[in-house]
A.B. asks: 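Before I ask anything, let me first share the structure, which is written out below as structure tokens.
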Protein chains: 2
Amino acid sequence: MSSVVISTRVRLARNLKEFPFPCRLNEQGREKVIEKVKSALKDSNSPIAQEFSFIKMSELTPQQGVSLVEKRLVSPEFISNTDGRGLLLSNDESLSIMINEEDHIRLQVIKKGLSLEDAYDTADKLDTLLDENLEFAFDSKLGYLTQCPTNLGTGMRASVMLHLPALEKSRAIGRIADNLSKLGLTIRGAHGEGTEPKGALYQLSNQVTLGISEKAAIENLKSITQQLVTQEEQARERLCSRIEIQDTISRSLGILKSALVISHDEALRLLSNVRTGIESGQIENISTDTIDGLMVAVEPATLTVKSGKNLNANERDIERANMIKAEL
Amino acid sequence: MSSVVISTRVRLARNLKEFPFPCRLNEQGREKVIEKVKSALKDSNSPIAQEFSFIKMSELTPQQGVSLVEKRLVSPEFISNTDGRGLLLSNDESLSIMINEEDHIRLQVIKKGLSLEDAYDTADKLDTLLDENLEFAFDSKLGYLTQCPTNLGTGMRASVMLHLPALEKSRAIGRIADNLSKLGLTIRGAHGEGTEPKGALYQLSNQVTLGISEKAAIENLKSITQQLVTQEEQARERLCSRIEIQDTISRSLGILKSALVISHDEALRLLSNVRTGIESGQIENISTDTIDGLMVAVEPATLTVKSGKNLNANERDIERANMIKAEL
């Protein structure tokens, strides 16, 4: 499998039986939920528990909060109001547990490439571990109870992050999106709903959580992903044989290596081109991992946090250019 | 003196007393003029004569003819109709004698940088040499007789090729051009009258040939050139301290080094930026000579002739990109 699939994410929504949903909890109630979840993890005596750090969201600077969103470790909603919210985050940032987002628990596993079963297994283990010390709100008919009915049932949302430059360029994405919605899947720009896709990054995820098992949902998502990957690869083969496209790719790398100032959008666009060039074999000596890392590192807040400085927009564009040059 | 001045050109117009102007000569008459001029040079017994080759214009391919124009060795008019026209060209292409252009003789000297006196001296020597064996049409009141009255008198046109990116960018050129015309000088895009200046290349030349000596005309042109150079240098100092400009310069080099396809206009624009960067000290290891050479070498016909192949526009853009990469 080529690296069209950048990463896989599985997220489970869970709520504690003895508490109302977070939106109906006061500060004190939320703190109790946080303590419960933290203890459940700690008390599990699992080695996995040692990997987690706890972050009290209200103690983060706005930049640090936004950086977590940019890294897709928390939802934008989660940082919009940080009162009574906490995050359990594993050292390698592959596991995260948002406490008191929309639901009491939003458990998330991120893996590189396409590894849905693997990600689900890890999420399932972490879920089981928490389940040992917590009582989840569960209904024999409805499954896991969640604040939003669209999450009822498995409470699971699985998604893959795809790099689809050729399908985007050939304007096939619109048609594909229409078809996917009929299959209970949705595809959207990786930078969130309602935003223009940037860097040809797309997130494909399941929408149905009720009346379908986790395994079936994951099978479905996997099979559609593989079809999309094949379509993308075929489209790329046609595209990358064109000298204008090869020119664009080569120039993109040239600009990334030489720019002294670069905006977020331009950086993503050029990185996307270079990524395509790496996969088509045109560009050697740079790995897609480097590019994938840069695609997150160029995000404004992540960049600022990493720099350790207070940067205005202009200074950020300079810092971004320097960082990219250093990496490439 | 900085290298704002790319080159200096001095051109003398002369006509043979015993022949009507070329436009009133038939093929046979023109051939006689060609023979006269060729013999005058050869018979001079000067070592300089050994440096010249004769080119019968009607034997050139259209591409070869256009390439001579691109190198500014002949006028566009000269290749529009090649019948009965010849060119004496020195090996280093610094000396050229168009035979049967508008006038019987158009003698031209090109030197690098600002060297008006030097160029004039050389032109004067070559003129004297021809004068020994030819009888020029000369009137004690009007001076050298030429077909077009604007050349009457000295028959001399001196010009300098200037690289004026900063004055162009600050839009000062328009005002400067207005003032210059009052001083008997004219400035225009180096790619000829009525064309948009490309690569920030401008040609500054004297317009008055009657009632002013060659030396005075050259002094005048030199002094104005020096003022323009100072203005350009001051404008650059302001401009090149700006990070956006430094970014543009750095990216321009990055693109030139990485493009697989590049148009003539884009190449000139980027080369102009790189030239500015070399002079501001931002770019090292590349000489302005390399850039100046490239600014001619990227011209369509010159590029095609040098490649030795028959190139269509698309292939030419690829050849151009390869050639630039090889040079840089």
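Proteins get letters first, then strands, A, B, ... in listed order; numbering begins at 1 in each.
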A.B. asks: Using a 4.5 Å heavy-atom cutoff, which residues in residues 300-317 of chain B come close to chain A?
C.D. replies: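 Expected list: none.
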A.B. asks: Hey, which residues of residues 168-177 of chain A are touching chain B, say heavy atoms under 4.5 Å apart?
C.D. replies: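 Heavy-atom contacts from residues 168-177 of chain A to chain B are absent.
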A.B. asks: With the side chain counted from C-beta on, respond yes when B:I110 and B:E93 share a heavy-atom pair under 4.5 Å apart, and no when they do not.
C.D. replies: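 With C-beta onward as the side chain, the pair stays apart.
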A.B. asks: Check whether the side chains of B:Q203 and B:R9 place a donor and an acceptor atom closer than 3.5 Å, and report yes or no.
C.D. replies: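 Their side chains do contain a donor-acceptor pair, which is all the 3.5 Å distance test asks for.
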A.B. asks: Distance alone, cut at 3.5 Å: any donor-acceptor contact between the side chains of B:E279 and B:S3?
C.D. replies: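 There is such a pair (donor and acceptor under 3.5 Å, judged by atom type) between the side chains of B:E279 and B:S3.
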A.B. asks: Per the salt bridge (charged side-chain N to carboxylate O under 4.0 Å, His left out) rule, what does the pair list look like for residues 280-296 of chain A, sequence neighbours excluded?
C.D. replies: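 Counting only pairs at least two positions apart or across chains, the salt bridge (charged side-chain N to carboxylate O under 4.0 Å, His left out) contacts touching residues 280-296 of chain A are A:K112-A:D289, A:R275-A:D292.
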A.B. asks: According to the salt bridge (charged side-chain N to carboxylate O under 4.0 Å, His left out) rule, which pairs have a member within residues 255-264 of chain B, sequence neighbours left out?
C.D. replies: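 Residue pairs passing salt bridge (charged side-chain N to carboxylate O under 4.0 Å, His left out), neighbours aside: none found.
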A.B. asks: Counting heavy atoms not belonging to A:E237, are there more than 12 under 6.0 Å from its CD?
C.D. replies: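 At most 12 heavy atoms, drawn from other residues, nucleotides or ligands, come within 6.0 Å of this atom.
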A.B. asks: Against chain A, label B:I243 side chain, backbone, both or neither, depending on which of its atoms sit under 4.5 Å from a heavy atom there.
C.D. replies: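 Its backbone and side chain both get close to chain A.
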A.B. asks: Measuring only between side-chain heavy atoms, which start at C-beta, is A:T248 closer than 4.5 Å to A:R269?
C.D. replies: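 In short, these two side chains do not touch, never coming nearer than 4.5 Å.
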A.B. asks: With chain B as the partner, which of A:L253, A:L256, A:I255 has the greatest number of non-hydrogen pairs under 4.5 Å?
C.D. replies: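 Looking at each option in turn, the highest pair count goes to A:I255.
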A.B. asks: Side-chain contact test, heavy atoms from C-beta onward, threshold under 4.5 Å: evaluate it for A:H163 versus A:P165 and give yes or no.
C.D. replies: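 The answer is yes, as the side chains (C-beta and beyond) meet within the 4.5 Å cut-off.
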A.B. asks: Step by step, would you call A:S94 with A:D92 a side chain to side chain donor-acceptor pair (under 3.5 Å)?
C.D. replies: CA-CA 5 Å; A:S94 71; A:D92 65 357; 2.9 Å; yes
A.B. asks: Quick one: does A:I187's side chain get under 4.5 Å of A:L228's, heavy atoms only?
C.D. replies: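 They are in side-chain contact.
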